[in-house]
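Notes follow once the structure below has been shown.
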2 protein chains.
Amino acid sequence: MPTEKQQTQVRKEQIAQAVLSLAASHGLRGLSMAAIARRVGFGATAVYRHFKNKDEVLDAALALVGSRLRANVAAVCEETDDAIDRLYRLLMRHIKLIRDNEGIPRIVFSEDFYSGQPQRRARMYRGIEAYLGKVAAIIRQGQQAGQLDRDFEPGSGALMFLGLVQPAAILWHMSDGEFDVTRQARETWQLFLKAIRRN
Amino acid sequence: MPTEKQQTQVRKEQIAQAVLSLAASHGLRGLSMAAIARRVGFGATAVYRHFKNKDEVLDAALALVGSRLRANVAAVCEETDDAIDRLYRLLMRHIKLIRDNEGIPRIVFSEDFYSGQPQRRARMYRGIEAYLGKVAAIIRQGQQAGQLDRDFEPGSGALMFLGLVQPAAILWHMSDGEFDVTRQARETWQLFLKAIRRN
DNA sequence: CTCCATTGTAAATGCTCGTTCACATCGTAG
DNA sequence: CTACGATGTGAACGAGCATTTACAATGGAG
């Protein structure tokens, strides 16, 4: 047996990360069990020692994405107390996360990921809602502190915040990295700030 | 032969539309030749009378989306000369287009659609760029007319414009229609307006 | 009316891929 | 040290699906 044995816990993480990496280069279509396993250094069938089936593997990858997003929010709240600072840092972290793991948007926005899996779609929906809720909380904090305008709903602001990244991210990877996400995000951030800041 | 004969031109349109309809309910994964053909009222193999292979079928669907988007821009430019009006109407038309053809975002954002097809991805990129260019042109017109602020690039504004719809659209169909896109778009439109309007 | 190009069908092929099974090997508890 | 559970392997199966092929029906041009 050429491959070393490893704990299931370790393997699970490796497999989930392999899904993200592979999705980055080949999307969901080329995401076969064999490809995932090869990435880890496996035969295809070994994956079944750690997961019941492919769906469980994809679920693990999804959970990984969720934990990364939560970590970002926690980090910016650690770094600063200022609402605007928090939002800007979160924006930059979000972009970096996507740049480093191109597979994330490819999976999250891929419809094949959800087709035939209503529970997974529901879980994803709740995950995005939770993320938006945390952004909204930061915005509400800014409104109460008097930095941000009070005449809009924090939820709408949070949605717009997400809109700062999404089109840029899609264009970025459609252009094969040619499109400058970071620069564009900085530009639209200025517009966003003008929209939400107390005049 | 139970099925009536039809002109290739007619069939091509039917097939492309069938792709959009099917993608709406089952994503790209369930999008088999058999399913497409059945939707039209066909056997699977009959599709090959009109298209060389599946890739050509998907390309046709993509072209259909492009023509719909162009039609929207042309329509709003017909309806009014005012830049802000044009943008608002385009936003609403864009939303309606997506609500009526849920398959569009499912295809456009599905990475499987592009994986292994670099030319198609490039074509899509050019298509989005062209759309953004037209939005930017409307914005520039508004800047020259003095309605809109001059201190931001029209391209950035156009990107932000796209960001008004995208997250809302994704949440909409992830929530199975529960999320109110139109209401949210109206809210974020107010924010957008505050961001771009000449104070 | 009669060809024949066009449009359709059914059966068959070959490939990819998820999954199972029987067996080998590692590492650790006792 | 020894057994046994945990982990890994390769072969094989079966389903789904794109595509090809041989054949039938349609319908308009001459």
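Every chain is numbered from 1 and lettered A, B, ... according to where its sequence line falls, protein lines coming before strand lines.
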(message) Check this one for me: any side-chain N or O of A/R11 less than 4.0 Å away from OP1 or OP2 of D/dA6?
(response) no
(message) What I want to find out is whether A/R93 reaches A/E79 closely enough, with some N-O distance under 4.0 Å, to be called a salt bridge.
(response) yes
Show the distances under 3.5 angstrom between N or O atoms of the protein and N or O atoms of nucleotides 18-20 of chain C.
unit_1: C/dG18; atom_1: OP1; unit_2: A/K54; atom_2: NZ; d: 2.4
unit_1: C/dG18; atom_1: OP2; unit_2: A/M33; atom_2: N; d: 2.7
unit_1: C/dT19; atom_1: OP2; unit_2: A/Y48; atom_2: OH; d: 2.8
unit_1: C/dT19; atom_1: OP2; unit_2: A/K54; atom_2: N; d: 3.0
unit_1: C/dT19; atom_1: O5'; unit_2: A/Y48; atom_2: OH; d: 3.4

(message) Could you tell me how far apart B/I15 (CD1) and C/dT7 (P) are, to the nearest whole angstrom?
(response) 11 Å
(message) Would you say A/H50 places a side-chain N or O within less than 4.0 Å of OP1 or OP2 belonging to D/dA6?
(response) no
(request) Please report the shortest heavy-atom distance between B/R39 and B/A18, naming the atom on each side. (result) CG-CB, 3.6 Å
(request) Grab the NZ-C1' distance between A/K12 and D/dT7 for me, whole Å please. (result) 14 Å
(request) Grab the CG-C1' distance between B/L28 and D/dA18 for me, whole Å please. (result) 15 Å
(message) Is the distance from the ring center of A/H94 to that of A/Y131 below 6.0 Å?
(response) yes
(message) Does this structure show an ion pair linking B/D59 with B/R120, if we count only N-O contacts that are shorter than 4.0 Å?
(response) yes
(message) Which heavy atom of A/L87 sits nearest to which heavy atom of A/F161, and what is that distance?
(response) O-CE1, 3.4 Å
(request) Please determine if B/K96 and B/D100 form a salt bridge, counting it only when a charged side-chain N lies under 4.0 Å from a carboxylate O. (result) yes
